[in-house]
Amino acid sequence: MVNHEPVSRAQQHRALGISTLAFTLCFAVWTLFSILGIQIKEDFALSDTQLGLLMATPVLTGSISRLFLGVLTDRFGGRWIFSLLMLATATCVYLLTFANSYPMLLVGALGVGLAGGSFIVGVAYTSTWFEKERQGTALGIFGAGNVGAAVTNFGAPFLMMAMGWKGTAVIYASIMAIMGVAFLLLAKDDPRSAQHTADRLSLSEQLAPLSDMRVWRFSLYYFFVFGAFVALALWLPHYLIEVYGLSLAAAGIVAALYTIPASLFRILGGWMSDRYGARRVMYWTFLASVLCTFLLSYPPTDYIVKGVHGPVTFSLTMPLVGFILLTMVLGFFMSLGKAAVFKHIPVYYPKNVGVVGGMVGMVGGLGGFFLPLTFGMLNDVIGIWQSCFMLLFVIVTTALLWMHFAIVRIERIEARDRCESTDLPELSSPGSFVLTEWHPEDESFWEATGKRIATRNLWTSIPCLLLAFSVWMVWSVVVAKLPQVGFNYSPNQLFWLAALPGLSGATFRVFYSFMVPIFGGRRFTAISTASLLLPAAWIGFAVQNPETPYLVMAILALLCGFGGGNFASSMANISFFYPKREKGKALAMNAGLGNLGVSVMQFLVPVVISTGAFVAFTGDGQPTVTGGELWLQNAGFVWVPLIALSTVAAWFGMNDIASARASFAEQAVIFKRKHNWLMCVLYTGTFGSFIGFSAAFPLLTKTQFPAIDALQFAFLGPLVGALSRAWSGGLSDRFGGARVTFWSFITMILGVIGVMYFLANKDASFGFYGFFGSFMLLFLATGVGNASTFQMIPSIFRHEVARLMPDLSAEEQLPHAERESAATIGFTSAIAAYGAFFIPKAFGTSIDMTGGVGAALIGFIVFYAACTALTWFFYSRKGAEIRT
């Protein structure tokens, strides 16, 4: 703790008491839909999936807002932030009563979710009042405000029966507003408030701890101990009513028996963490949770045994009393785990409690968002009520095994160094995976050692990137089949689903561009590849139920953007491994064969969704409107084992380069470089066109040539583009990237003109073939241009760094050039990826406004002409600023 003035026990107790009361009320509001949702479901005729989404939406806002509220609390102190947050939440709860449709309810639920962000504000505020030795206990007491869920589960049913759900919302809004004003008047500024301005850290300094693996490890644990707690607090009333036939009031009381120990015993967890350390507490938590979730996940089953005197029948089922006892035990150990996780944050990050606690809390809160939503989807798809506990069993077992692996490793270190640690260690990269000496420009080093290591990392990276592109673009095929299996979405909604992964993927790339120097290439490649499991598996469940809300499908489309983001980090990582003379070929191989994932997906998905060969693993198919059958879930499930294998391969088969480490501030210098922005334009013209045409080509073909089954050959375009990129990397190394880029744009202009001509004659016998051939020419040119533009970037920054840093020797300039070129490669790929969003939308908008795609194609020609002029003027003409 960093205090500059002594704090009395009375001041500590005052701060702890008022913050705990405020958090209790906020948590009661945050879980309000667990009770109101029961009546709202009847009033608005909602499905289980829609109810799950409504319950989970406040958790989404409360989770995501924690990171930003943590930053604000670190900067401005908790008193004002806490008060304003409660007043804003009260306003949103009141406005909820005016909702008259399901979309309006979702919008209102987003505002109600702000109450969940109060947790990190309170943690940052409360922790500053206590010394390190008592922070665990203090934060345990504060965290017991989770009992607000029990307040809602116990009291809200009676209010709702007396006043209706709208009257109950008004009561909650009034109490929250009163508490917001009271906190502002009665609470005192925290002991560090005077230092917030004097010692204010920059945003990059505040965010710096997020590169620590320890933060993400705590986040994973909190995903279960807190996220699952919130999920069950929301889900249990509905579960108890449907499974055990309880009344609403009785279900609320039983649910309170789970939430009370899951909240109050957090105090005990804080004290135990102070006394015994988090290692033991987390072990107890996970072991007990594994046992409880296993028993709760066993569905009622009837058995028939062939006995000596005939069949013997018996049944196994979980009685209500046993269910209540097991959930109480589960809640008790979850409370211990919640306290254990948050014990460490003010100790390790005293100046960053807000931002670190915000990130941990955000990930945990996201568990509270995704889990109820997934519970509802599992009910709709699997049809077993206990499936929610089956999912929790898988999550906690995975967490326990991962934690045990980490502990075994640190115990070896403790034995070697003869010291004892009461905390789990940071899961850092083992020394064997870190390259402390890396000099690819040294020919003797390269031939003796470097080439072999670089090649291994390249060929491990390629399948990871291929799968990333497959998941990123999977909606381009799925959307074409959704209407056939009963999804009543409009054409505009389908175009949006095809375009949303491009929007999110491009946005993710902005952040992924800077991750490799911060986290390390090996580590981040494995983590980013593993992240693809979420959208891949979730799509497999969602597409099996035609009643899945469109908003859920849109969220899944956005999550597929994880695959798009991977490209930026992958390319930046590979660029560090190769010398300048081979960068063009290496980057072209990584990107070209990675881009092949689009073609692989467009070829493989139509095959796997048409066969029931995997029915034992993925479930029955869905009947189509034409009387056939499709196994559309295979479009997601087919990638899951491949992603898992690639993640393991990346973790154990790749390397981190020690010299490639850099902070965000060191990389952010590229935003001052003119050539970074110029290359963003050029790469948008090449890669943006490739990925945009890949997403739009199947739908465009279907709208312009409805008699043609576009999915039969849609994969050929991305295939041509990907292979031409892989093949032409050496071409750029030989003749110069600028020259190849210039002629690529000229060829693309000719290709677009060809598309326009054959569309104008699409009724002719040669119309489709000419259209198809022109698009193949476009894909070929974009692939060649993709390779050549990336080959240009390292050369450009070698010249730029030498010009801007003439006082440095050539050897000293090299790390700066490598770092800036890697960051630029990632950032340009981020900007270019927006082509996956804008090109499909350009075609759709052009059709809506003009009745055809001609306007969009003319716009492409104008843009390609501008790119041609920029390439010639800055990089290829005689006397150009930088000739590559």
Side-chain angles (χ1 to χ4, degrees), residues 502 506 674-697 700 717 720-721 724-725 728 731-732 735-761 770-771 773-793 796 828-829 831-847 849-850 852-884:
K674 173 180 67 177
H675 293 284
N676 170 56
W677 300 105
L678 288 173
M679 292 309 299
C680 284
V681 176
L682 299 186
Y683 196 59
T684 299
T686 55
F687 179 79
S689 298
F690 166 78
I691 201 65
F693 289 142
S694 297
F697 185 49
L700 179 64
V720 169
S724 65
R725 179 170 192 164
S728 61
L731 191 68
S732 299
F735 295 105
R739 186 179 300 174
V740 176
T741 301
F742 176 86
W743 288 106
S744 294
F745 282 123
I746 295 294
T747 306
M748 290 167 66
I749 292 173
L750 295 176
V752 176
I753 293 173
V755 171
M756 293 179 66
Y757 173 78
F758 290 109
L759 281 178
N761 297 276
F771 167 84
S774 297
F775 253 106
M776 292 305 103
L777 180 63
L778 268 173
F779 278 112
L780 175 69
T782 59
V784 175
N786 288 339
S788 60
T789 46
F790 264 14
Q791 191 275 346
M792 292 168 63
I793 291 174
I796 290 171
T828 54
S829 73
I831 300 302
Y834 283 107
F837 172 76
F838 285 111
I839 286 182
K841 288 306 297 175
F843 283 129
T845 302
S846 179
I847 292 173
M849 296 180 65
T850 67
V853 297
L857 294 171
I858 291 173
F860 298 154
I861 290 176
V862 172
F863 179 64
Y864 296 153
C867 291
T868 304
L870 287 175
T871 304
W872 175 80
F873 183 81
F874 285 100
Y875 304 114
S876 67
R877 69 182 175 88
K878 291 183 179 180
E881 186 172 325
I882 296 178
R883 279 181 62 86
T884 61

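This is a predicted model, so every value here is computed, not measured.
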Pairwise distance [atom1]([X]) to [atom2]([Y]) - rounded to 0.5 angstrom:
X: Thr828; Y: Asn676; atom1: OG1; atom2: CG; answer: 7.0 Å
X: Phe779; Y: Met776; atom1: CZ; atom2: CE; answer: 5.5 Å
X: Phe690; Y: Leu780; atom1: CZ; atom2: CG; answer: 11.5 Å
X: Leu777; Y: Leu750; atom1: CG; atom2: CG; answer: 7.0 Å
X: Ser744; Y: Leu778; atom1: OG; atom2: CG; answer: 11.5 Å
X: Leu682; Y: Leu870; atom1: CG; atom2: CG; answer: 6.0 Å

Side-chain contact, heavy-atom cut-off 4.5 Å: [X] with [Y]?
X: Tyr683; Y: Thr686; answer: yes
X: Leu857; Y: Leu759; answer: yes
X: Lys674; Y: Phe874; answer: yes

Would Arg877 and Phe873 count as a cation-pi pair here, with the cationic atom under 6.0 angstrom from the ring centre and within 45° of the axis?
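Positive - Arg877 is close enough to the ring of Phe873 and near enough to its axis.
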Run the side-chain hydrogen bond (donor to acceptor under 3.5 Å, both in side chains) test against Thr782 and tell me which residues pass, sequence neighbours left out.
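Applying side-chain hydrogen bond (donor to acceptor under 3.5 Å, both in side chains) to Thr782 gives none.
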Partners meeting side-chain hydrogen bond (donor to acceptor under 3.5 Å, both in side chains) with Thr871 (sequence neighbours left out)
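Listed in chain order: nothing, the list is empty.
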Start with the C-alpha distance between Ile796 and Tyr875, add both sets of side-chain angles, then the distance that settles side chain to side chain contact (heavy atoms under 4.5 Å, CB included), and finish with yes or no.
CA-CA 9 Å; Ile796 290 171; Tyr875 304 114; 3.5 Å; yes
Working note: Met748 + Phe863, criterion side chain to side chain contact (heavy atoms under 4.5 Å, CB included); need CA distance, chi angles, decisive distance, verdict.
CA-CA 11 Å; Met748 290 167 66; Phe863 179 64; over 6 Å; no
Please state whether the rings of Phe775 and Phe771 are parallel, tilted or perpendicular, taking 30° and 60° as the class boundaries.
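Perpendicular.
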Parallel, tilted or perpendicular, judged at 30° and 60°: which one describes the rings of Phe693 and Phe860?
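Answer is perpendicular, since the angle exceeds 60°.
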Apply side-chain hydrogen bond (donor to acceptor under 3.5 Å, both in side chains) to the pair Tyr864 and Ser689, showing each step before the final yes or no.
CA-CA 10 Å; Tyr864 296 153; Ser689 298; 2.6 Å; yes
